[in-house]
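Following: one structure in structure tokens, then a few remarks.
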Amino acid sequence: MPLVTPLSAEHDIETKELALFFNETLGFCPNSVLTMQRRPAISKAFINLNKAVMANEGRLTSALKRMVAWVSSNATGCRYCQAHAIRAAERYGAEQEQLDNIWEYKTHPAFSDAERAALDFSLAASMVPNAVDAKIKNELYKYWDEGEIVEMLGVISLFGYLNRWNDSMGTTLEKDAIDSGDQYLGKHGFEVGKHQ
């Protein structure tokens with residue numbers, strides 16, 4: 001049971017209109033946003049930040065951004081965000097082989113060296129204490145420019161907020177997200193856990 005009950009999508013019309021963004025990314029408005037709207041300024045600011053962070057300004061694709069989000073969420077253990085990130089990666093055209101082997105991104109041939117550098121950065125930046133070091137920086141700069149690195153860290157930071165929000169709230173995971181989690185993460189023991 002969640003810490004705070006989500007409100008109806010009809011509760012705040014401005015949030016509802018902004019949240020149409022999630023119909024594209026996930027196919028539904030997430031329960032996290034429906035909970036945030038108890039303070040509409042938070043839900044609106046969050047959605048606008050999400051839209052800005054997920055905008056593609058460089059070579060970083062929408063699919064890779066969602067895989068960056070998955071690695072970050074996996075590092076922190078947030079099942080809610082893991083399921084959402086893998087679902088969004090699928091909806092944004094991530095290759096099937098990458099979705100099926102996201103756990104093995106470091107060694108699986110479906111991932112390029114540039115993608116590995118981005119995903120290693122996500123893992124290091126999501127650790128406590130933070131593990132971004134000169135080696136991570138050097139690998140990033142081989143493949144990505146500074147604007148793209150800012151985009152990556154925007155995703156990692158956004159999901160840092162979401163991981164804390166959803167794990168603390170015990171946000172109920174939506175059926176479609178559970179299905180994606182089971183499909184792509186199930187072989188490694190994905191479970192809904194507290195997000196029932």
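No experiment lies behind these values; they were computed from the predicted model shown.
Rounding to the nearest 0.5 Å gives a distance of 11.5 Å between NE2 of H188 and CD of Q82. One distance of note links OG1 of T25 with CG of L20; it measures 11.0 Å at 0.5 Å rounding. Taking CD of Q37 as the reference point, atom CD of E10 lies at 9.5 Å (rounded to 0.5 Å). Going from atom CG of L162 over to atom SG of C81 covers 5.0 Å, rounded to the nearest 0.5 Å. In this structure, CE in M36 is found 4.5 Å from OG in S32, a value given to the nearest 0.5 Å. Distance check: D179 CG to K175 NZ gives 3.5 Å after rounding to the nearest 0.5 Å.
When ring centroids are compared, H84 and F28 come within the 6.0 Å threshold.
The closest donor-acceptor contact from the side chain of E174 to the backbone of N31 lies under 3.5 Å. Panel note: side chain S122, backbone S72; a donor-acceptor pair is recorded below 3.5 Å. Under a 3.5 Å cut-off, the side chain of E148 and the backbone N or O of D145 do form a donor-acceptor pair. Checking side-chain atoms of S43 against main-chain N and O of P40 turns up a donor-acceptor pair under 3.5 Å. The main-chain N or O of G147 is never found under 3.5 Å from a side-chain atom of E57 such that the two would form a donor-acceptor pair. Judged by distance alone, with hydrogens and angles left aside, the side-chain atoms of R87 form a donor-acceptor pair with the main-chain N or O of L26 at under 3.5 Å. Put simply, the side chain of N138 gets close to the backbone of A134: a donor and an acceptor are under 3.5 Å apart. K194 contributes no side-chain N or O that, together with a main-chain N or O of T171, makes up a donor-acceptor pair within less than 3.5 Å. Using a distance-only test at 3.5 Å, with no hydrogens or angles considered, no donor-acceptor pair links the side chain of W70 to the main chain of I102.
No single ILVMFWY cluster, assembled from side-chain heavy atoms under 4.5 Å apart, contains both L34 and V192. Grouping the Ile, Leu, Val, Met, Phe, Trp and Tyr side chains by contacts below 4.5 angstrom, directly or via other members, places V71 with W103. Under the 4.5 Å side-chain heavy-atom criterion for Ile, Leu, Val, Met, Phe, Trp and Tyr, Y143 and V150 are members of distinct hydrophobic clusters.
When all heavy atoms are compared, the tightest approach of L123 to A75 is CD1-CB, 3.8 Å. Across all their heavy atoms, I86 and L185 have their closest contact at CG2-CD1, 4.0 Å. Nearest heavy atoms, R116 versus K106: NE-O, 2.9 Å. When all heavy atoms are compared, the tightest approach of N166 to C78 is CB-SG, 4.0 Å. Considering every non-hydrogen atom in both S180 and A83, the closest pair reads CB-O, 4.4 Å. Residue I136 comes nearest to D133 through the heavy atom pair N-OD1, 2.9 Å, listed as atom of the first residue, atom of the second, then distance.
A donor-acceptor contact closer than 3.5 angstrom links the side chains of Q98 and E115. Side-chain atoms of S62 and N56 form a donor-acceptor pair, as typed in the model, at a separation below 3.5 Å. N101 and E97 form no side-chain donor-acceptor contact under 3.5 Å, judged by distance and modelled atom types alone.
Atom CZ of R38 has more than 12 heavy atoms from other residues, nucleotides or ligands within 6.0 Å. For E146, the CD atom sits in a loose shell: 12 or fewer heavy atoms of surrounding residues, nucleotides or ligands are nearer than 6.0 Å.
Using a 30° and 60° split on the angle between ring planes, Y80 and H195 fall in the tilted class, from 30° to 60°.
When side chains are defined from C-beta on, V33 does not count as touching F21, because their heavy atoms never get closer than 4.5 Å. P2 is not listed as a side-chain neighbour of M169, based on a closest heavy-atom distance of 4.5 Å or more. At a threshold of 4.5 Å between non-hydrogen side-chain atoms, the residues T35 and T5 do not count as touching. Taking 4.5 Å as the limit, some side-chain heavy atom of Q183 sits within range of a side-chain heavy atom of E90. Residues F46 and Y161 are in side-chain contact: their nearest non-hydrogen atoms beyond the backbone lie under 4.5 Å apart. M54 places none of its side-chain heavy atoms less than 4.5 Å from the side chain of L60. Here the side chains of R79 and F190 are in contact, with some heavy-atom distance below 4.5 Å. Side-chain contact between W165 and F159: absent, with no pair of heavy atoms (C-beta onward) separated by less than 4.5 Å.
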Test side-chain contact (heavy atoms from CB on, under 4.5 Å) on F121 and V68 and set out the steps. CA-CA 9 Å; F121 175 48; V68 164; over 6 Å; no

Apply the test side-chain contact (heavy atoms from CB on, under 4.5 Å) to residues R59 and W144: give CA-CA distance (whole Å), side-chain angles for both, the deciding distance (0.1 Å), then the verdict. CA-CA 8 Å; R59 293 169 297 141; W144 305 103; 4.1 Å; yes

Verify side-chain contact (heavy atoms from CB on, under 4.5 Å) between T76 and D167, making sure each step is shown before the conclusion. CA-CA 9 Å; T76 65; D167 256 0; 5.7 Å; no

Going through the distances and angles, do K65 and V53 end up as a side-chain contact (heavy atoms from CB on, under 4.5 Å)? CA-CA 9 Å; K65 281 187 174 186; V53 165; 5.7 Å; no

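A cation-pi arrangement is found for K137 relative to Y141, the charged atom lying closer than 6.0 Å to the ring centre and inside a 45° cone about the ring normal. Stacking of R66 on the aromatic ring of Y92 is recorded, both the 6.0 Å distance cut-off and the 45° axial limit being met.
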